[in-house]
2 protein chains.
Amino acid sequence: MSPSSAAAFDAKERPGRPPTLTDRTIDAVREGIRNGTLVPGELYSVYRLADKLGVSRSPVRDALLRLAETGMVAFERNRGFRVVLPGARELTEIIAVRLALEVPAAERAAERAQEADREALESEYKAMLSAVAAGDETAFMMHDQRLHGLLLELAGNAHATRIVENLRDATRLVGTSTIRASRSLDDVYREHRPILDAIEQGDPRAAGAAMRRHLESTGLLLLREAARGHRTDADLNALWDNLVGLPPGPSA
Amino acid sequence: MSPSSAAAFDAKERPGRPPTLTDRTIDAVREGIRNGTLVPGELYSVYRLADKLGVSRSPVRDALLRLAETGMVAFERNRGFRVVLPGARELTEIIAVRLALEVPAAERAAERAQEADREALESEYKAMLSAVAAGDETAFMMHDQRLHGLLLELAGNAHATRIVENLRDATRLVGTSTIRASRSLDDVYREHRPILDAIEQGDPRAAGAAMRRHLESTGLLLLREAARGHRTDADLNALWDNLVGLPPGPSA
DNA sequence: ACACAGGGAGTAACATGTTACTCATGGCGA
DNA sequence: TCGCCATGAGTAACATGTTACTCCCTGTGT
């Protein structure tokens, strides 16, 4: 009896099986966070969200528990739940993990990319440009995610792909309003070019290095923006060096 | 009214708050898998497990959904759920991810270990020896896990720690009956010595290299055991090279 | 003005009810 | 003997009911 925002559902999933209400609720929450309907830090309840979506509490609870697993929301016993936006520490940790996984993935992708793979990558890259031109940040993020996802899939490690996807989820919120503030989408777009070039040329080391530069510069940007006012630059640099630091190569 | 195995619960968690039924159910499932009460591949239902544990279906369902998230169990719509034991592919992927995360962690740990940290590590190492002497495989696994956990915590990345813990979970089952079959606990125990030595000496590169050797040799062992009969050796080697491959260092 | 009990609103966690689906089984026709 | 279909048992997914807890208020005594 609340057809109000029942259309907030997204409806996707693999063929045959219809998506479960839990899955659709997960998408709805993501979307709610993205468009500002769900404010980080605010206290919500499963009750209210459930009838806002027009479903029962069960699938909503299941969905939120899954999101809590990745750190996107946090439950407080008998109080409610909050959307969590990651702090400086968490962001740095996430970047460190992504570096550990995506740099080798880029290397492997360069080793074994076929023509069809290269085309798929370029296609996403072009779609990113279109999004830049249209100023559509949401679309940009989506294609960025897909490009990184394709690279990881090319490397052949489904586990790593899933882990990175979850990590992106936790940071998506920060990235959204952040990037346009301090740097244009265009810069981020351009950072991907060297990665694709290296893959085109089948040069693993160059691909890995380009991916490292990309993740480090974008990550550092996100970190500075997220920590604005809460931490000193010295603090931030110490944090960064501790968790991301220097590659073991050029050490003594 | 089924006090039969109601004592299967474990009851742990941080102070103050009592653990939720969901948490205790997760432990109960883990234990059930470990001791053979829950057989991999067999079809079970939330109904039956719930009253076997003497609780309602809700916390059991929540627990299983969480475990499904890490791939430990899999639901089949309107059929039941199964305990999944990872195949060759998945095992190899997991090893690759662990290498990516734990090798750098060992390097960082060597950089910043304090006296107290070294003592904690040695303590676990000694506990592993006791377990070897007692032939207690369960205790051995626990201390092995703690040692790796301590190393990751030392590196300061809580996210990485959690990820590795989840990955271990998915493989614990394979490891259990496997190791004693093909190699003695003692060998695995000894492999940790070079890691601790390198940390003792504050040598990051040596620590990383030792960790890599350890994970590769133990991982390869697990893989061969798990794939016994299902895959040829050539198959396995191809898989391994694809996902784990060579470090980017000594390439052309 | 201020400390403080206690009552009540609201909640997550847990329990139970309902539905629509999957599949094994057995009977029936060929 | 074999194929086919109806039927029913068993299930996850979803809905709803219950409980014990956490706070926020509000009023009372000082």
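Protein chains get the first letters and strands the later ones, always in sequence-line order, with residue 1 at the start of each. Reckoned from all heavy atoms, side chains included, excluding hydrogens, waters and symmetry mates.
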- Message: Quick one, B:L215 and B:H148 - any side-chain contact, counting heavy atoms below 4.5 Å?
- Response: yes
- Message: Determine whether B:N242 and A:R108 satisfy the following criterion, side chain to side chain donor-acceptor pair (under 3.5 Å), listing intermediate values before the conclusion.
- Response: CA-CA 8 Å; B:N242 257 343; A:R108 285 177 199 292; over 6 Å; no
- Query: What is the per-nucleotide protein-contact pattern of nucleotides 9-17 of chain C, from the 5' end, where B denotes a base atom under 4.0 Å from a protein heavy atom, S denotes such proximity for sugar-phosphate atoms only, and - denotes neither?
  - Reply: -BBBBSBBB
- Query: Hey, is A:R172 close enough to A:D144 for a salt bridge, meaning N to O under 4.0 Å?
  - Reply: no
- Query: Within 45° of the six-membered ring axis of A:Y47 and under 6.0 Å from that ring's centre, is NZ or CZ of A:R57 located there?
  - Reply: yes
- Applying side chain to side chain contact (heavy atoms under 4.5 Å, CB included) between B:V83 and each of B:V29, B:L67, B:L38, B:L43, report the one that passes. B:L38
